[in-house]
Amino acid sequence: MQRVLVTGAAGGIGSRLRKLLKGVYPEIRWSDLKVPPDLARDEPFVRADLASMSEVEKAVAGVQGIVHLGGHSVEGPWDTILNANIAGCYNLFEAARRAKVERIVFASSNHAVGFYPRQRRIGVDDPVRPDSRYGVSKAFGEALAALYAYKHGLRVTCLRIGNFGDAPVDKRRLSIWLSPADLVQLIRIGLEHPDIRHEIFFGASDNARSFWDNEPAFRYGYRPQGRAEDHAAEALAADARLPPDPVGGWYQGGPFCSDEFDSGIVKSPT
Ligand code: 15L
């Protein structure tokens, strides 16, 4: 990988990656709707609205790999999700195909499968069960990934990111936490591993309480270093201070499930 584009440069994950990916590839181009306030002089930046194909085409021109973090990163009104995550993701994959980009790492989310109960351990072959319009948009992105991999030969890795941060902040996050260094490891597998064609990995660290079987990632050499259990006492103490949420507490997606929820918890089948 000579030249890599990372979208979503101004977001929470993008801002951390700007430091963590420094020097990993000869040229990293950063992109977002807005210029990040702390953009360094040595960080090439292209402003692009993902909803505009011509702007996305300019952003992807000449790169070999893309890390697509851009878009709306939580639940939102349909118009917002439609423009940023549905049209935006399509524009990204289509512009990549036209520009002959070789690889894409797509930041999917645990919310593509948030309506599985916490007591069930799922793998990447279980069908999507989104918990929000946002989760639906991530499932759509995963579907685009398969289309562009099998029809057009792109090498695509979808990372179903759990919760990215320095430490898990509550009980649910103990199961889905992803440390910054482990995310870098997963991105590098997606951009560099010679055997990648189309894969879905869970973006999770070494979490003893994980909801997920991340065997495909381990097969590609992923060896997470972050151990959620090292932070269990603080996370559980913080959890005890949260308001009760029976729906969010049952399902893996937590508050994304209880938000707008107006039916009953389905306990069987799981
Ligand atoms: C996500 O997908 C969001 O981008 C992030 O803000 C968190 O809410 C995370 O999921 C989570 O589930 O904790």
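Note that the coordinates shown come from a computational prediction; the quantities given were computed from them, not determined experimentally. Whatever order the structure lists them in is the order used to number ligands and atoms, beginning at 1.
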Taking every non-hydrogen atom, the tightest pair across [X] and [Y]:
X	Y	result
S179	W177	CB-CZ2, 3.6 Å
N214	Y222	ND2-CE2, 4.0 Å
R173	P168	O-CB, 3.5 Å

Within ligand 1, which atoms have a heavy atom of [X] less than 4.0 Å away?
X	answer
N110	10 (O), 11 (C), 12 (O)
R172	11 (C), 12 (O), 13 (O)
Y134	1 (C), 2 (O), 3 (C), 4 (O)

Does ligand 1 have any atom sitting under 4.0 Å from a heavy atom of R173? yes

Could a heavy atom of F256 be found less than 4.0 Å from some atom of ligand 1? yes

How far does CD1 of I13 sit from CZ of F164, to the nearest 0.5 angstrom? 5.5 Å

For [atom], what's the nearest protein heavy atom and its distance?
atom	result
atom 7 (C) of ligand 1	N163 ND2, 3.7 Å
atom 6 (O) of ligand 1	V74 CG1, 3.8 Å
atom 10 (O) of ligand 1	H111 NE2, 3.0 Å

Could you tell me how the ring of F93 sits relative to the ring of Y148: parallel (under 30°), tilted (30 to 60°) or perpendicular (over 60°)? tilted

Do we see a donor-acceptor contact under 3.5 Å between the side chains of H72 and N85? no

Could you work out, for atom 9 (C) of ligand 1, the closest of G162, S73, G203, S109 by heavy-atom distance? G162

Please determine if R129 forms a cation-pi arrangement with F115, meaning its NZ or CZ atom is less than 6.0 Å from the six-membered ring centre and no more than 45° off the ring axis. no

